[in-house]
Amino acid sequence: MEKCCSTNPQKPDTKGHKHNHAEGDGHDHDGHDHSHDSGDQTAFQMFLPAIISFMILLAGIAFDNYIKPAWFTGWVRLVWYLAAYIPVGFPVLKDACKSIIKGDVFSEFFLMSIATIGAFAIGEYPEGVAVMLFYAVGEVFQSMAVTRAKGNIKALLDQRPDEVTVMENNQPKTMKAKEAKIGDIIQLKPGEKLALDGELLSDSASFNTAALTGESKPDTKNKGEIVLAGMINMNSIALVKVNTAYEDSKLSKILELVQNATAQKAPTELFIRKFAKVYTPIVVFLAIGICLLPYFFVNDYQFRDWLYRALIFLVISCPCALVISIPLGYFGGIGAASRNGILFKGSNFLDSIAEIQNVVMDKTGTMTEGVFKVQEVSMSPEFKKEEILQMVNALESKSTHPVATAIHNYVGDINHNIPLENVEEIAGHGLKATINGKELLVGNFKLMDKFNISYDLNHANIVYTVIAVAYDKKFAGYITIADSIKEDAKETLDKLHSMNVKATMLSGDKSTVVKYVADQLGIDHAFGDLLPEDKVNKVKEIKSRNQTVAFVGDGVNDAPVVALSDVGIAMGGLGSDATIETADVVIQDDKPSKIPMAINIGKQTKKIVWQNIVLAFAVKAVVLILGAGGLATMWEAVFADVGVALLAILNAVRIQRMKF
């Protein structure tokens, strides 16, 4: 039986762990290894055995029904149809034997083998050949569809050039991308694609990032900024200093992530595989019953007639349509998401996200730009404003928070002569340090309260984010900072509400700021002034109402909440390796509008998968009843098996063409 990636199919433990993805290549129907990988074969080569078989079969049917030559009888007729059977039947008989040797007797190859050999045994040669021929054609279509689905996923990302131009002694030299070392300087001409991650040495350059983010709008990078493999240089020649090995590049990790996603099976997929394991042997024993039991109840029992009905029953009941179209549907969903810059770590998360009832989101960097600007500086007259700002700037340089960047941009260069000692970051509060033996506190008003700093200010009335400053146990003043809302944030909330998904904003920022942003966007519930553990409690509160939760954040600071949620979604996955490790779904650009798109892709994938399940069961049930009652021939059986499989495959492939 297929090994499930987790004991809990709803939420496998994918957080920050490596998985062995040797299994689950998507072409492992019903747990039986189909060796129909198209490899480098052309479509003609793949169909050649079926074409040969079809031509010999057509000639045989013409001899039987129209030309009727005297020699076309007895062993000559048998050999003729065997010649038609072998090109398509031999690979299946071989696979059936392999499965039996492995201890897996009741494979679909076994069903097809006994059905067609049985047809030959009762003299129904053309029908025996036809069943195997159509089965073989179906297998080729399945193989092509899977290869195409996986190829689509791979082609989206694995577009790295094999060669790079490296500058050696100011001379360009072409070499294999894999041979480029960290520290090498790559010359990138306009229209060329970057093969390795690196730091931009040129003053500025515009890049097309569509291969990574699905976003066609050019992204301008400045000197010193990181550029990633897969980005295409748009205008002038750019120089990039390699800072990551070829196999460790962001693109390599994303590609590996997407390819491995197919190994994380969805509950529906796991159920169908387990179902097929039980279903197939039941079908075989029912077929034996259909053949033999009527002997005891029917007066004019004819063994040949009842064997024929049993063989029809076997052909119809083959579970191919289910066990190929379902993984293919999930492949399609993962591929469609990748094309739009959304990475799912497994098909199980496509299922989970389709059921999401609540999206809980961070504010800064998720619904807002995360680019803060200082709006106002208010300092007490007893302090020198410039001196305090210099100290604040020096202390904030020890933090990576966007607030620190805003203060640095406002104040200017850092004065490294300021003697900072005992620097400490207090989670959810701010920063603390000692300067000239006196304590400097920079953070929110909870920090002031924690250190018993008294202040005469009603900060709740200030809409902007307020950074409070205290020096030498006295309140020195405050700095207000504002962040702008992302342009597609409102559209995101409108789409979520149209899907009946509730939105909740949780932020460590002050409540007035959080409420202001929530009111602008129409967010259902918003809570500010939260510590990391408060966010966890809020998510637990929603889950206690038996509702599903997706958490959207940066995936690093919010790791506890991401782990608790049903689906953890990370924004801006290009920026952080830790994000890719932690989240279940990674949105590769910073656009919140990709959140409802991800939910929609999950819903459409699930819809297609269930359409295929219902189609397969409905058609097979009807033809099974007709077959058992003697009203359906082998031709109807072929339609019920191969026809339904092909219809299901075409339906599954549809998702790859959808616009989201």
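Remember, predicted model here, so these are calculated numbers, not experimental data.
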Query raised in the report: Looking at residues at least two apart in the chain, or sitting in another chain, which of them share a side-chain contact (heavy atoms from CB on, under 4.5 Å) with Phe617?
Result: Phe275, Leu322, Ile613

Query raised in the report: Who pairs with Glu491 by salt bridge (Lys or Arg N to Asp or Glu O under 4.0 Å), at least two apart in sequence or on another chain?
Result: Lys495

Query raised in the report: If only atom types and distance count, is the side chain of His408 paired as donor or acceptor with the main-chain N or O of Ala404 below 3.5 Å?
Result: no

Requested in this report: Might you work through the salt bridge (charged side-chain N to carboxylate O under 4.0 Å, His left out) test for Asp488 and Lys594, ending with a clear yes or no?
Outcome: CA-CA 10 Å; Asp488 60 339; Lys594 296 285 177 77; over 6 Å; no

Query - Residues that Lys515 engages under salt bridge (Lys or Arg N to Asp or Glu O under 4.0 Å), provided they are two or more places apart - result: Asp519

Report summary line: By salt bridge (Lys or Arg N to Asp or Glu O under 4.0 Å), Lys486 pairs with (sequence neighbours left out) none

Query - Identified side-chain contact (heavy atoms from CB on, under 4.5 Å) partner of Met571 from the options Asp589, Ile587, Asp362 - result: Ile587

Report task. Can you establish whether the number of heavy atoms outside Tyr516 located under 6.0 Å from its atom OH is more than 12? Result -> no

Query raised in the report: Which residues pass the side-chain contact (heavy atoms from CB on, under 4.5 Å) test with Asn546, sequence neighbours left out?
Result: none

Query raised in the report: Which salt bridge (Lys or Arg N to Asp or Glu O under 4.0 Å) pairs, counting each pair once, include a residue from residues 537-549, with sequence neighbours left out?
Result: Lys543-Asp566

Query raised in the report: For Thr368, does its backbone N or O pair with a side-chain atom of Asp483 as donor and acceptor, under 3.5 Å?
Result: no

Report task. Determine whether the side chains of Asp449 and Tyr455 contain a donor N or O and an acceptor N or O closer than 3.5 Å. Result -> yes

Query raised in the report: Can you name the residues that form a side-chain contact (heavy atoms from CB on, under 4.5 Å) with Glu439, not counting sequence neighbours?
Result: Lys432, Leu441, Phe451, Lys473

Report summary line: When rounded to the nearest 0.5 Å, the distance separating CE of Met361 from CG of Leu521 is 8.5 Å

Report task. Could you list the residues that satisfy side chain to side chain donor-acceptor pair (under 3.5 Å) with Ser507, not counting sequence neighbours? Result -> none

**Report entry** Residues forming a side-chain contact (heavy atoms from CB on, under 4.5 Å) with Asp494, sequence neighbours excluded
**Finding:** Lys490

Requested in this report: Would you please classify the geometry between the Phe445 ring and the His459 ring as parallel, tilted or perpendicular, with 30° and 60° separating the classes?
Outcome: parallel

Could you pull out all donor-acceptor pairs under 3.5 Å where a side-chain atom in residues 422-430 meets a protein atom, sequence neighbours excluded?
{"unit_1": "His429", "atom_1": "ND1", "unit_2": "Ala427", "atom_2": "O", "d": "2.9"}

Query raised in the report: Any salt bridge (Lys or Arg N to Asp or Glu O under 4.0 Å) pairs touching residues 595-612, not counting sequence neighbours?
Result: Glu355-Lys606

Query raised in the report: Looking at residues at least two apart in the chain, or sitting in another chain, which of them share a salt bridge (Lys or Arg N to Asp or Glu O under 4.0 Å) with Glu376?
Result: none

